[in-house]
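Just below is one structure, and these are the notes that go with it.
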Amino acid sequence: MSRDTVLTGVGRADPQRHPSEARLLDYACGSLAGSARLVVGAHLLTCPACSRAVGEFERVGGDWLEALDPALMSPEALPLALARIDRPSPPAAPAAPRPEGWLPVPDAVARASLGRRRRAAGAWIVPVSRGPGAERCYLLGMSAGRGAPAHGHRAGEMTVVLRGAFCDGDEVYGPGDFCEHDGSIKHAPRATATGDCVCLIHTDGPLAAVDWVGRLVFPLLGVG
Amino acid sequence: MTGRTARPKPPGHSQMIAAIARCGDRDAFASLFQHFAPRVKSYLLRLGASPEAAEELAQETLLTVWRRADRFDPSLAAASTWIFTIARNLRLDLARRQVRAAAAAPPDEAPPEPQPDALLGAREDEARLVRAISDLPPDQAQVIREAFYSDKPHSEIARELDLPLGTVKSRVRLALARLRLRLAEPGDST
Ligand SMILES: [Zn+2]
């Protein structure tokens, strides 16, 4: 793919904001699960530096595996395995096409992006996954210059930018950028004027609207 | 014992995977299975899987090695690294399916059950590993055990050990580096 198809609006695809090292280690160990893993995974697809770091941690995981005391397998384990490799492998599900103008995304996200978009006030939402508990994951699209209504979080939030850029206060987040907030933040992210913005977002709980716009719009979007 | 033979630890595992990709080499598969399936099972047992589930996931892991052998790139990762990531991902897939199945039954609220520390310190008789870990300063050893033998995010480890997250991170980092060096040394089979 050419850079032109990857980028829209903002002139860079190399992410400037990354998950913490602790997150990357959790990813490598497998202790980061669910949609938080999906969001970090989406960042890794666009970020050579973080992929390298995860690869290093995985190498340690491989060393651990190698050094583990072997468990006892059942006597028929190997014959069973040899019989299984003779069976034809199940056909792989065809990969969903990457939405035009987006960065590469995990297949689960590409598939979810085909879902019905709920629209309200210059934004759209497509749910990606729900649960366990209050955990939610969704795609948020914002039209150029428009934004999500101001909101607070009752829980943590992770975001990765899949297209365009958004600003949040003085900060600008471009393609591939990752950001994480704890439950204390109140903010009103908004797409930059240069183009539409799409983000993949994981939250540990529902959003809390801080103004009447949000209270009106969030139920429509299904995130309140 | 501490001879400086710079031979790669598991000789030939990468070539075995290549032989599977090239010509469906069943002998190579059998060797890989004998070596890795019991270790993958051990890894899953440590994370609290039942013996049956651990055995089944070990089977699936090696089956995946067979099916995706052509996607293995020895210039990117060691065989053990690749197989570790396959096992890790299959375990996460299984956990996801279980969560989904559980979510279908009771209402939203039930928080994920805290994993009892069935994982930690259960069996630590791996001579090499113990040797490697015993070389670490105790604080690093503790952090590294928690990180790989349990399923806890680092923030939780920090809370439990009553340490700032930054300290846990830097200890993990140091410990990993030392452990890497230690494990890269030839084993005691020489
Ligand atoms: Zn990164």
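So that the names make sense, note that chain A is the first sequence line, chain B the second, and so on, each numbered from 1.
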| task | May I ask you to list the residues in residues 58-67 of chain B that approach chain A closer than 4.5 angstrom, counting heavy atoms only, ordered by number? | result |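 Counting heavy atoms that sit under 4.5 Å from chain A, the residues of residues 58-67 of chain B involved are Ala58(B), Gln59(B), Glu60(B), Leu63(B), Trp66(B), Arg67(B).
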Spacing of [atom1] belonging to [X] relative to [atom2] belonging to [Y], to within rounding of 0.5 Å:
{"X": "Tyr43(B)", "Y": "Leu65(A)", "atom1": "OH", "atom2": "CG", "answer": "8.0 Å"}
{"X": "Ser74(A)", "Y": "Lys41(B)", "atom1": "OG", "atom2": "NZ", "answer": "6.5 Å"}
{"X": "Phe33(B)", "Y": "Met73(A)", "atom1": "CZ", "atom2": "CE", "answer": "4.0 Å"}

Check: [X] side chain, [Y] main-chain N or O, donor-acceptor pair, under 3.5 Å:
{"X": "Glu58(A)", "Y": "Trp82(B)", "answer": "no"}
{"X": "Thr81(B)", "Y": "Gly62(A)", "answer": "no"}
{"X": "Arg88(B)", "Y": "Ala28(A)", "answer": "yes"}

| query | Are there more than 12 heavy atoms of other residues, nucleotides or ligands under 6.0 Å from atom CG of Leu114(A)? | reply | yes
| message | Minimum heavy-atom separation for Leu45(B) and Ala71(A), please, with both atom names. | response | CD1-CB, 4.0 Å
| request: Can you see which heavy atom on Leu92(B) is nearest to which on Gly30(A), and at what distance? | output: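 Residues Leu92(B) and Gly30(A), closest heavy atoms: CD2-O, 3.4 Å.
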| Is the shortest heavy-atom distance from the side chain of Phe84(B) to the side chain of Glu66(A) under 4.5 Å? |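 Not touching, per the 4.5 Å side-chain cut-off.
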| query | Where does Ala78(B) contact chain A at under 4.5 Å (heavy atoms): side chain, backbone, both or neither? | reply |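 For Ala78(B), neither part sits under 4.5 Å from chain A.
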| query | Checking heavy atoms, do the side chain of Ala30(B), its backbone, both or neither come under 4.5 Å from chain A? | reply | both
| said: Which atoms of Arg37(A) are under 4.5 Å from chain B, going by heavy atoms: the side chain, the backbone, both sets, or neither? | reply: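 For Arg37(A), the side chain is the part near chain B, not the backbone.
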| request: Tabulate, in ascending numerical order, the residues of residues 78-86 of chain A having at least one heavy atom closer than 4.5 Å to a heavy atom of chain B, or enter 'none'. | output: Leu78(A), Leu80(A), Ala81(A), Leu82(A), Arg84(A), Ile85(A), Asp86(A)
| Closest-packed option against chain B by number of heavy-atom pairs under 4.5 Å, given Ser129(A), Ala33(A), Ala77(A) |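 Going by pairs under 4.5 Å, I would pick Ala77(A).
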